[in-house]
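Each remark here refers to the structure printed beneath this line.
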Amino acid sequence: MNLFYNQHITTETQEIVFNKEESRHIGKVLRKQNGDILDITNGQGYFFQAELISVTPKECIGTILSAKKQPPLPYHLHLAVAPTKLNDRYEWFLEKATEIGVSEITPIICDHSERKVIKPERYEKIIQSAMKQSLKAYLPKLNPAIDLQSFLTNRTEINIQKFIAHCEETDRKSLKNMLLPSKNTLILIGPEGDFSSKEINLALINQFIPISLGESRLRTETAAIAACHSVSFIHQE
């Protein structure tokens with residue numbers, strides 16, 4: 001099954017026009033023809049089916065046949081993760097977290113961050129591709145990069161469990177023992193050099209619970225995926 005993404009399609013849409021890149025993929029790569037059925041998501045919880053009525057290398061057009069609402073994740077997971085020095089590792093995290101199940105992602109710039117500039121357009125494409133590959137109907141929200149202090153001091157959520165994963169030898173709880181099912185969750189993952197002591201203290205002041213993700217010392221992207229999977233796992237039936 002090939003899943004296409006179009007953020008503008010709604011239950012009121014009757015006809016969809018694919019852009020040049022998608023049209024070339026439909027006609028040249030997939031060799032679709034008039035009458036073939038395509039599956040589409042708007043990333044907002046709906047799957048659509050469309051019948052192709054025109055196929056050209058520059059523009060394909062389809063008529064919407066059906067729309068089906070998908071249930072959302074049984075949890076809301078927000079991962080705030082520092083960009084890695086090697087960009088491909090962060091891109092790997094974005095891909096895998098989307099496949100496993102994440103609601104929201106924020107790149108956080110920390111005291112020890114070696115990468116402080118990101119390419120949000122590139123990240124968005126990776127998330128969209130992972131959503132389509134894993135046949136999901138919800139596109140995770142990618143927030144703009146923000147420095148950690150601003151991120152911590154501007155939080156206004158209520159009824160949310162908040163965790164910070166760090167490597168300092170202090171009292172840390174196991175994430176698997178602290179997670180509460182069906183409750184909104186925010187987890188902070190630091191850069192290769194870990195959070196600074198100042199940042200950890202600021203997180204604690206803002207009611208973040210210090211956690212461990214196991215005995216091994218994990219890379220940033222691995223820690224983020226471990227945390228993501230832990231939240232997903234406790235919600236599996």
Side-chain angles (χ1 to χ4, degrees), residues 1-79 81 83 87-107 118-144 221 224-225 227-229 231-233 235-236:
M1 174 181 173
N2 291 286
L3 183 63
F4 292 85
Y5 169 62
N6 187 300
Q7 64 178 335
H8 302 296
I9 188 172
T10 71
T11 54
E12 304 299 320
T13 303
Q14 297 181 350
E15 186 175 272
I16 180 172
V17 179
F18 295 91
N19 61 35
K20 185 176 181 181
E21 181 181 351
E22 288 180 321
S23 296
R24 182 183 181 281
H25 184 69
I26 291 168
K28 292 290 187 180
V29 179
L30 300 179
R31 299 186 180 279
K32 297 293 185 180
Q33 300 176 355
N34 288 355
D36 286 343
I37 306 299
L38 297 183
D39 294 285
I40 309 161
T41 181
N42 61 1
Q44 301 166 47
Y46 279 91
F47 283 133
F48 301 86
Q49 284 197 324
E51 179 182 355
L52 288 172
I53 59 174
S54 176
V55 179
T56 72
K58 292 186 178 180
E59 184 179 83
C60 291
I61 303 173
T63 300
I64 302 300
L65 301 178
S66 65
K68 185 177 180 181
K69 180 72 171 180
Q70 299 299 301
L73 289 171
Y75 57 89
H76 185 281
L77 172 60
H78 184 177
L79 291 175
V81 184
N87 200 42
D88 60 343
R89 290 181 174 169
Y90 202 81
E91 293 176 358
W92 178 84
F93 145 67
L94 294 172
E95 178 183 81
K96 301 311 175 189
T98 301
E99 291 177 10
I100 295 169
V102 65
S103 310
E104 191 173 352
I105 299 169
T106 301
I118 67 167
K119 297 180 179 180
E121 297 83 5
R122 166 77 177 168
Y123 288 179
E124 283 283 3
K125 287 183 177 180
I126 289 170
I127 292 173
Q128 291 173 18
S129 178
M131 175 191 66
K132 293 187 292 183
Q133 188 278 329
S134 54
L135 304 181
K136 294 185 181 297
Y138 289 88
L139 183 71
K141 179 183 179 183
L142 176 66
N143 296 317
E221 69 277 12
I225 292 303
C228 183
H229 182 265
V231 176
S232 174
F233 184 76
H235 289 90
Q236 293 180 9

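Numbers here are sequence positions counted from 1. Atoms considered below: every heavy atom in the structure, side chains included; atoms not considered: hydrogens, waters and symmetry mates.
Ala224 and Leu79 make their closest contact through O-CD1, 4.0 Å (heavy atoms, listed as atom of the first residue, atom of the second, distance). Closest approach of Tyr46 and Thr41 over heavy atoms only: O-OG1, 2.9 Å. When all heavy atoms of Ile118 and Pro83 are compared, the closest pair comes out as CG2-CG, 3.8 Å. Taking every heavy atom of both residues into account, Pro71 and Tyr138 meet most closely at O-CE1, 3.6 Å. In this structure, Cys60 and Ser23 approach most closely via the heavy-atom pair N-OG, 2.8 Å. Here the closest heavy-atom approach between residue Gln49 and residue Asp39 is recorded as NE2-OD1, 3.2 Å.
Partner of Tyr123 under the ring-ring contact (aromatic ring centres under 6.0 Å, His included) criterion, chosen from Phe93, Tyr90, Trp92: Tyr90.
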Distance-only donor-acceptor pairs under 3.5 Å for side chains of residues 1-8, two or more places apart:
unit_1: Asn6; atom_1: OD1; unit_2: His8; atom_2: N; d: 2.9
unit_1: Asn6; atom_1: OD1; unit_2: Ile9; atom_2: N; d: 3.2

Donor-acceptor contacts, no H, no angles, side chain residues 99-106, under 3.5 Å, sequence neighbours left out:
unit_1: Ser103; atom_1: OG; unit_2: Leu77; atom_2: N; d: 3.1
unit_1: Glu104; atom_1: OE2; unit_2: Asn143; atom_2: ND2; d: 2.8
unit_1: Thr106; atom_1: OG1; unit_2: His78; atom_2: NE2; d: 2.7
unit_1: Thr106; atom_1: OG1; unit_2: Asn143; atom_2: ND2; d: 2.7

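For His25 (side chain) and Glu21 (main-chain N/O), no donor-acceptor pair under 3.5 Å exists by modelled atom type. A distance-only check finds no donor-acceptor pair linking the side chain of Thr98 to the backbone of Met131 [under 3.5 Å]. Distance alone, capped at 3.5 Å, is enough to place a donor-acceptor pair between the Ser134 side chain and the Ala130 backbone.
A 6.0 Å sphere centred on NZ of Lys69 holds more than 12 heavy atoms belonging to other residues, nucleotides or ligands.
Separation of atoms CD (Glu15) and CD (Glu51) is listed at 12.0 Å; rounding is to 0.5 Å.
Ser129 pairs by the side chain to side chain contact (heavy atoms under 4.5 Å, CB included) definition with nothing, not counting sequence neighbours.
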